[in-house]
Structure formats: C-alpha cells, structure tokens
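Here's the structure we're looking at; comments come further down.
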Amino acid sequence: MPELPEVETIVRELRPALVGHTLLHPRLHATDVLRGVSAARLLATLRANRIVEVSRRAKHVVMQFASGHRMIIQPRMTGVLIVYARRRLPEERRYVVLEASLGHGRTFVFQDVRRLGTVWLLDEAGWRSYTARFGPEPLADDFDFARFEACLRGTRQATKKVLMDQRRLAGVGNIYANEALFRARVDPSRPTDRLDRAARRRLYRAVLDVLVEAVEHRGTTVRDYRTGTGERGEHQEALDVYGRGGEPCARCGTRLATTHVIDGRATTFCFRCQGEP
DNA sequence: ACGAGGTCCTGCGAGC
DNA sequence: TGCTCGCAGGACCTCG
C-alpha cells in the first residue's frame, strides 16, 4: 500500500528511465481510473510530449511534460509503476491500466489489481489547486518542529487520524502512522490537543525517522507493493507493530493489541508503552 | 466540526 | 473440496 516511502522509491527509480523520453504508443486498458480527463485527450497529450520531470507529492507520482501538463498517478492500494527492461512474464501483463514503450525494449507500465488507483491530467492551474489540497511534505528541508505542531493544532481528533489526514500532513498512511506512534510511545487514540510538548517532540522525531528509514529500505512490501524496477521493498523486516498484533512488544514484551476503532483502520499498539501524554 | 458509514475494487484466508 | 463472507485501506462522499 504505497505511502510516502514507497512512492518516493518508485519515483527515484522511474526518474532516470523516464526523464527526457516520450511515452511511445501509449495504451489505456481501463478508463474508470481517469479523473477529469478523457482517454482520447490523455493519450494525445502523452504522444505529443516529452517527460521533463518525475516527482512525488504526498502519495502520488507526478510526471511533468514539456507542454506544462502533469499526469498524476495515485497507486492507492495495489497500484504499481514499473519500467521493465525485458520482456514481461504472462503474470506481469495482468491488470495493466496504462502502458507505453520507451524504446530500446523498455516498457513503462501502471498496473493495478483492484483499480482503486486514479490517473489525472492537469494543466498549471489544475496542478496548483491539486497540490494545495495537501499538507506539508514531512521530508522537506523546511519541515521543522513548529510546522509539525501546526499540523496537529485546531482539532481534538485522535492523533493517528490526524497523522493520516493528507490535508494536514502529506504522505503518512496506516503503516507509518502505527510505526511512528509506537516509536514515540504515544497512544494512537489520544486527541492531539492532549499531547504535551515532549510527546509532540517525540512524535515529530519518530515520523521523520520512520519515513527516512523506510525510504532507505525502499519501502514496505506486505503483498502488492513493488519498486519502480519491480522488486520488493525491505522495510517489512523492520516493522515494530504494523501487522504484528498478538506478538510481543519489541520494547517491553507485552502482547501487542490490534483495534479498528480509530477511523476503521487496523491500529496495532502496545498498551503498556503507548500510554504517555 | 465531528463521527459514522458507504463507495470503489479484487484477492485471499478463515470458517463451515 | 467448494462455497460464502469479511477484510485489506486510501481518498472521497453523504448524512445526522
């Protein structure tokens, strides 16, 4: 389930393969993923354009074209973006949403088993309003503690829900919210207005550390996620709590608990360690 | 402003 | 063995 570290990994691997190239013979195999653009207009724009940059915003891949258009791909749950440098195996040809040749036997593919992912085509004005919907990027150089505190202010919602609210903070999803809260020893259900300064500090540090480590491990592969070259990430080996309900806490040995009461999503935490204000 | 719940979508594992 | 059911969950929506 691509969150910030997974999309960052995809982008870093796609960038050298895509920048300076044009997507040749683009083919779209599903139109229900399109948002605000017709298949004809998307394909015509791709054919006429060279890719000048590939970047990430929140959990989305952003391909910028010479014309100023941007194609945004949101992988959501099961989307993968891969540049294949070889012939694809039959199972690698399944669930293809968008594919295009890059020449020299290379193929760019967006595949999505569940087709919850979306594809947007935006002009400059569209991009400005699109990117304005999201909160700050936690790995940006200027994302300091004061900015993080601003993300938490003005709400009484559970801290975990606030961390995952893309309008407040970009890129954190269920896996990294669970991990950061555990590392910071913060109760996921505690309202953000009841976190003291020390807890906010620990959480700031934990969010950044967890994201940086996950990027270094090229993301977390639980099931579907693959890097931009089709490989599995390695951060699943380093998870403390996500997917480990019932196992002993790495810090104190207490059995980790899993609940669905926060925002309906699986929340795994340690009753004993994560009770500090 | 808030929470609850629905929607999209398919694979997979549990349970009978 | 084969079936049904619920869950995985990000982003959006409506309703009360």
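Protein chains get the first letters and strands the later ones, always in sequence-line order, with residue 1 at the start of each. When reading the values below, keep in mind they use all heavy atoms of this one structure, side chains included, and skip hydrogens, waters and symmetry mates.
Atom-to-atom, CG of A/D224 to P of B/dG11 comes out at 10 Å; the value is rounded to the nearest Å. Regarding A/L169, its CG atom lies at a distance of 15 Å from the C1' atom of C/dG10, rounded to whole Å. Whole-Å rounding puts the A/L4 CG to C/dG10 C1' distance at 14 Å. Atom-to-atom, CG of A/D165 to C1' of C/dG10 comes out at 12 Å; the value is rounded to the nearest Å. Rounded to whole Å, atom P of C/dA11 lies 15 Å from atom CD1 of A/I73. Straight-line distance from the CG atom of A/D112 to the P atom of C/dA8: 19 Å, rounded to whole Å. Atom CE in A/M164 sits roughly 8 Å away from atom P in C/dA11 (whole-Å rounding). In this structure, A/I72 places its CD1 atom 14 Å from P of C/dA11, rounding to the nearest Å.
One finds a salt bridge joining A/D209 and A/R205 here, because a Lys/Arg side-chain nitrogen approaches an Asp/Glu carboxylate oxygen to under 4.0 Å. At a threshold of 4.0 Å, the pair A/R12-A/E8 counts as salt-bridged, since one of the basic side-chain nitrogens sits closer than that to a carboxylate oxygen.
Residue A/H60 has a polar side-chain atom (N or O) positioned under 4.0 Å from OP1 or OP2 of C/dA11. The shortest distance between the side-chain N/O atoms of A/Q166 and the OP1/OP2 oxygens of C/dG10 is not below 4.0 Å. Taking side-chain N and O atoms only, A/H260 has no distance below 4.0 Å to OP1 or OP2 of C/dC7.
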Tabulate atom names and distances for all N/O pairs under 3.5 angstrom spanning the protein and nucleotides 12-14 of chain B.
none

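Among the protein residues, A/Y242 comes within range of the sugar-phosphate backbone only, with heavy atoms under 4.0 Å from sugar or phosphate atoms but none that close to a base. Here A/R133 lies in heavy-atom contact (under 4.0 Å) with sugar-phosphate atoms only.
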_For nucleotides 2-9 of chain B, give me one character per nucleotide, 5' to 3': B if any protein heavy atom sits under 4.0 Å from the base, S if the only such contacts are to the sugar-phosphate, - if neither._
SS----BB
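Enclosure of atom CZ in A/R27 by more than 12 non-hydrogen atoms of other residues, nucleotides or ligands within 6.0 angstrom is indicated. The number of heavy-atom neighbours closer than 6.0 Å to CZ of A/R251, taken from other residues, nucleotides and ligands shown, is above 12. Within a 6.0 Å sphere centred on CZ of A/R86, heavy atoms belonging to other residues, nucleotides or ligands number more than 12.
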Side-chain atoms of residues 131-143 of chain A: list all donor-acceptor pairs with protein atoms under 3.5 Å, sequence neighbours left out, distances to 0.1 Å.
residue : atom : partner : partner atom : Å
A/T131  : OG1  : A/R57   : NE           : 2.7
A/E137  : OE1  : A/R56   : NH1          : 2.8
A/E137  : OE1  : A/R56   : NH2          : 3.1
A/E137  : OE2  : A/R57   : NH1          : 2.9
A/E137  : OE2  : A/A58   : N            : 2.7

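Relative to the ring axis of A/F65, A/R70 does not place its NZ or CZ within 45° and under 6.0 Å from the centre.
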_Walk me through whether A/E13 and A/T227 qualify under side-chain hydrogen bond (donor to acceptor under 3.5 Å, both in side chains)._
CA-CA 7 Å; A/E13 295 183 349; A/T227 75; 2.9 Å; yes
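Taking the six-membered ring where tryptophan is involved, the planes of A/Y130 and A/W120 are perpendicular, since the angle between them exceeds 60° and thus also 30°.
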